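Within every chain, numbering begins at 1; the chains are lettered A, B, ... in the order of the sequence lines, protein sequences first and strands thereafter. Just the heavy atoms: all of them, side chains too, but no hydrogens, waters or symmetry mates, feed the values below. Keep in mind that what you see is a predicted model, and the values were worked out from it rather than measured.
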Protein chains: 2
Amino acid sequence: MFELDLRSRQPIYEQLVEKVKELIIHEVWKSDEQLPSVRWLAKELTINPNTIQKAYRELEHQGYIYSIPGKGHFVAPQAKTMTREKVETMRNELLRLISEALYLGMSKEDILSLIELAEQSVKGGIKHD
Amino acid sequence: MFELDLRSRQPIYEQLVEKVKELIIHEVWKSDEQLPSVRWLAKELTINPNTIQKAYRELEHQGYIYSIPGKGHFVAPQAKTMTREKVETMRNELLRLISEALYLGMSKEDILSLIELAEQSVKGGIKHD
DNA sequence: CTAACTGTATTATTTAATATATTACAGTTA
DNA sequence: TAACTGTAATATATTAAATAATACAGTTAG
């Protein structure tokens, strides 16, 4: 279901948050669709239910999912709207990284070719993770 | 001297490593130039000498500096060569981020304008951190 | 109704990384 | 010799992350 790196410096619950976000943003999981239950997913990934709970709580707090006690967690209809702020965050990251790259002597053309490359992989559906 | 975020999730010693790298790569500190002593810098930044030592050890291990016991730490002449592998790492980061951006619906033109923006800030010497 | 699911909350404990505190030893230099 | 340098070692404190173990309540299929 998910590939987690238990040895990563990044906490498990954060990795989970990111994975779920990606599935939602890329519409693998659609609006109002039910997420795996806390206990089921914990068993599936052989990690503690509390860790799943923490990730889901965070996702709910960020507006990506909602929960109905007794029923489950579901993809929030507004989740796709969240991509706007994600794009904004990405703009900043990109600007920072591109500046750094230019500063280190990477040429404008180098970056342009990277865009071409990225475009192909995205259109071709090639995973880049 | 450095601006450190003591509350950051990123360890102090790692922040230090990055800051020193930047100063070396951007040639603020040149080859064979002496770095601040472990104890002096510890006092300056009001952090523990062991933490400085750890950062310097890491920088030495990565080839950015060398040390002469009893004398001090100095910028390694090969340090600038390190930028090559840094550029390679950056290529990968950029490719990943650009793909993600396109995937989220950011247009090619958006990214191009970011490059323009970055180019100006780099040429103008505007800091992007 | 009941069993087996769901979410949620709480408390205690373990683990690992980070940072500090302290002390010590040895080379360098004015 | 005094005051710097780097280096090493040990003990301690702090914190975040993750686990373990329960408990309580809503939901739902049989």
Side-chain angles (χ1 to χ4, degrees), chain A residues 1-21 24 29 31-77 79, chain B residues 1-20 24 29 31-76 79:
Chain A
M1 172 129 266
F2 297 119
E3 288 179 16
L4 299 177
D5 181 1
L6 301 184
R7 296 183 183 178
S8 166
R9 160 137 56 185
Q10 190 182 31
I12 296 176
Y13 80 93
E14 269 198 11
Q15 293 181 47
L16 264 171
V17 167
E18 289 185 6
K19 297 290 186 188
V20 171
K21 277 188 188 176
I24 292 176
W29 289 352
S31 282
D32 298 313
E33 189 171 328
Q34 185 165 8
L35 277 65
S37 81
V38 171
R39 288 181 182 82
W40 185 89
L41 189 53
K43 211 159 194 175
E44 173 78 11
L45 303 176
T46 55
I47 56 180
N48 196 281
N50 292 339
T51 307
I52 308 286
Q53 179 61 21
K54 187 171 186 179
Y56 278 5
R57 200 186 310 134
E58 179 63 20
L59 283 162
E60 186 177 12
H61 181 255
Q62 290 185 28
Y64 284 87
I65 67 177
Y66 62 93
S67 86
I68 303 179
K71 297 190 74 173
H73 289 90
F74 305 86
V75 176
Chain B
M1 173 128 265
F2 297 119
E3 287 179 15
L4 299 177
D5 181 0
L6 301 183
R7 295 182 183 179
S8 166
R9 161 137 57 184
Q10 189 183 31
I12 296 176
Y13 80 93
E14 270 198 10
Q15 294 182 45
L16 265 170
V17 167
E18 288 185 6
K19 296 291 186 187
V20 172
I24 292 177
W29 290 351
S31 282
D32 298 313
E33 189 171 329
Q34 184 165 8
L35 276 66
S37 81
V38 171
R39 288 182 182 82
W40 185 90
L41 189 54
K43 210 159 193 175
E44 174 78 10
L45 303 175
T46 57
I47 57 181
N48 196 281
N50 292 338
T51 306
I52 309 286
Q53 178 62 20
K54 187 171 185 179
Y56 279 5
R57 200 186 310 136
E58 179 63 20
L59 283 162
E60 187 177 11
H61 181 253
Q62 290 185 28
Y64 283 87
I65 67 178
Y66 63 93
S67 86
I68 303 180
K71 298 190 75 172
H73 289 91
F74 305 85
V75 175

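- A:Phe2 does not carry A:Lys19 over the face of its six-membered ring by the limits of under 6.0 Å from the centre and within 45° of the normal.
- Counting to the nearest Å, the C1' atom of C:dG7 and the CD atom of A:Gln34 are 11 Å from each other.
- At the phosphate of D:dA17, OP1 or OP2 sits under 4.0 Å from a side-chain N or O atom of A:Tyr13.
- Picking from C:dA21, C:dT8, C:dA19 the nucleotide with the shortest atom distance to the side chain of A:Glu60 gives C:dT8.
- Listed for the A:Gln15 side chain is a donor-acceptor partner under 3.5 Å among the backbone atoms of A:Gln10.
- DNA chain D is contacted by both A:Pro49 and B:Tyr56; B:Tyr56 maps to the nucleotide lying nearer its 5′ end (nearest heavy atom per residue).
- Contact annotation: B:Arg9 side-chain N/O to C:dT18 OP1/OP2 distance is not under 4.0 Å.
- Across all strands shown, C:dT29 forms a Watson-Crick or G-U wobble pair, both distances under 3.5 Å, with D:dA2.
- Under 3.5 Å, the side chain of A:Arg39 and the base of C:dT8 form at least one donor-acceptor pair of N or O atoms.
- Atoms NZ (A:Lys43) and P (D:dA21) sit 14 Å apart, rounded to a whole Å.
- Of the candidates D:dA8, D:dA17, C:dA19, the closest approach to any side-chain atom of A:Pro11 belongs to D:dA17.
- Rounded to a whole Å, the CD1 atom of A:Ile47 is 17 Å from the P atom of D:dA21.
- Residue A:His73 places at least one side-chain N or O under 4.0 Å from the OP1 or OP2 atom of C:dG7.
- Proximity of A:Ser67 to the phosphate of C:dT8: a side-chain N or O atom is located under 4.0 Å from OP1 or OP2.
- Contact between the side-chain N/O atoms of A:Ser37 and the OP1/OP2 oxygens of C:dC5 is not found at any separation under 4.0 Å.
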**Message:** If you apply the rule side chain to side chain contact (heavy atoms under 4.5 Å, CB included), what do you find for B:Val38 with B:Tyr56, and how did you get there?
**Reply:** CA-CA 8 Å; B:Val38 171; B:Tyr56 279 5; 3.9 Å; yes

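- B:Ile47 places a side-chain heavy atom less than 4.5 Å from the side chain of B:Leu16.
- The NZ atom of A:Lys54 sits 16 Å away from the C1' atom of D:dA20 (whole-angstrom rounding).
- Side-chain atoms of B:Glu60 never come within 3.5 Å of backbone atoms of B:His73 as a donor-acceptor pair (strictly under, hydrogens ignored).
- When rounded to the nearest whole Å, the span between CG of B:Asn50 and P of C:dT22 equals 12 Å.
- For D:dG26, neither phosphate oxygen OP1 nor OP2 lies less than 4.0 angstrom from any side-chain nitrogen or oxygen of A:Lys71.
- Side-chain nitrogen and oxygen atoms of B:Thr51 include none within less than 4.0 Å of the OP1 or OP2 phosphate oxygen of C:dT18.
- For the pair B:Phe74 CZ and D:dG6 C1', the computed distance is 10 Å after rounding to whole Å.
- At whole-Å resolution of the value, OH in B:Tyr66 and P in D:dT7 are 13 Å apart.
- Remark: P of C:dA17 and CG of B:Leu6 are 21 Å apart, rounded to the nearest angstrom.
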